[in-house]
Every structure is written in C-alpha cells, then in structure tokens.
Amino acid sequence: MMAFIRPRLRKPLGIALAGTVFAAAWALRGGDAWQLSVAMVVTVLVSAVTTYVRAGEDNDDGALAGSRADERQKMLSLRSRALGWNFAMAAAFIGVTIGVAVKATWWWPFLVILAVAGFGQLLGWSTYTTAEEGTTEDADTGPQVRSPAS
Amino acid sequence: MRNRVREQRTQREMSQAELAAALGVSRQTVISIESGRYLPSLPLAFTIARFFGLTVDKMFDPDEEAGT
C-alpha cells in the first residue's frame, strides 16, 4: 500500500493519521476534552505540514522525513532510535524503582513498559540472529576427515 | 581507512551531487565517504568501485588512515 503513496507524503500522512486517531480518542472521551482534541488536530496538521516541508530539504533529516534515506541515513536513524530506547528504559527503570520504594500505586505502568521493551528486544534478537546466521545446515564445522577407502 | 573516491570523482570532473545520483545515495553520504567518516557497506563499496572501473581493494585501502 505504501508503494502507492509518494515517499515525501508517507511520514506526513502517518503523522496526520496517528494524530487524528489520538484526537478522536479525546473527542470520544466527552466532556470538556473535545476542546483538547481540536487543539490536537491543529497541532497534528502543523506537524504534518512541517514534516512535508522538511522532507523537501537536501540534508539527512530531509531524507529521513521524505522516506528516501540511504544506508548511512537509515543507520543514523537506527542509532538515534536505539539511544532514545536506552533513555526510555532508564527512565522506566528509575520510575519503577522509585515507585516501589515510596509504596506508590503507579509503579506498574513502568514495569509494563520494561516488560514490553524486553519482549520486543528478545523477539528482535530471535528474528535477526536466525535471519543472519541461518540454519545449522549452513554451518561449516571445518574440513571433514575422510577415510582412505572413500 | 583511506579511499580514492574524491580523487576519482575530481578526475572525472563530477560534482558530489552527480556522483551521489549515479550511486543512488545522498550527497551527504558521498561527503561522509570521501572524508572517511563513514565506511560504506560491502554492496555500496562494490558499486563505487565498479562505477570508477576499479577493484574494491584499489578503491579502499584499509592500511592507510583517512586524510593521509
């Protein structure tokens, strides 16, 4: 489906879609929250337009925003996300530790974040090591000793 | 690791943008490779070497520091 959407439009449309769904959730909540959802739609639209403009720039950020990143730019993005993931995990660990220490009732969401991240990492490890190492049939255990008769 | 990308490109009087377009990478990546800050993947290294009509070991020299 993504192939039908122009690369420059993919990220802005993704932002617009995700933001609209989130704003709809606030609207569904009812009460005074509908005002917040209107503000959210405006923010999302501004963000989507900004991303579209950035996607037209001739730099690494523009290439990533425009879904036309090459191998180096994809690696930059991957490393940045890994750093962000490390920060999030450290924050979640600090949160759950403090929550437990002060007998707070809000400690468990931090634990859920840690558990989901840990599961995701294990899934990634399992998926990518199998994909790159192959099966046991691909393993070369060195030269086979043959009997003189063979 | 030293490489001969800049040397080969200037010999052919190409701009970094033209080389980037020919290799299918960004201009920023060509700049990073030329300055030795980024080591390309093996497929990209082959693409670069073939583009200039050289072998990979002629294009990239692991025994020399970048900028020497």
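Heavy atoms only: backbone and side chains are in, while hydrogens, waters and symmetry mates are out.
B:S26 OG to A:L64 CG: the interatomic distance, rounded to the nearest 0.5 Å, is 9.5 Å. Going from atom CG of A:D70 over to atom OH of B:Y38 covers 7.0 Å, rounded to the nearest 0.5 Å.
The local environment of CH2 in A:W106 is crowded, with over 12 non-hydrogen atoms from other residues, nucleotides or ligands closer than 6.0 Å. By the neighbour-count criterion of 12 heavy atoms within 6.0 Å, atom CZ of B:R50 is sparsely surrounded, having that number or fewer from other residues, nucleotides or ligands.
Put simply, the side chain of A:E71 never gets that close to the backbone of B:P40: no donor and acceptor are under 3.5 Å apart.
Note: A:R72 leads A:R72, A:M75, A:Q73 in heavy-atom pairs under 4.5 Å with chain B. Listed options B:S41, B:G24, B:P43, B:A17 were ranked by heavy-atom pairs under 4.5 angstrom with chain A; first place goes to B:S41.
A single hydrophobic cluster is not seen to contain both A:V44 and A:L13; linkage of ILVMFWY side chains at heavy-atom distances under 4.5 Å, directly or through other members, places them apart. The cluster map of Ile, Leu, Val, Met, Phe, Trp and Tyr, joined by side-chain heavy atoms under 4.5 Å apart, puts A:L78 and A:W85 in different clusters. Cluster membership for A:V96 and A:I94, using ILVMFWY side-chain heavy atoms within less than 4.5 angstrom, is shared.
Annotation for B:Q28 and A:D58: closest pair NE2-O, 2.7 Å, computed over non-hydrogen atoms.
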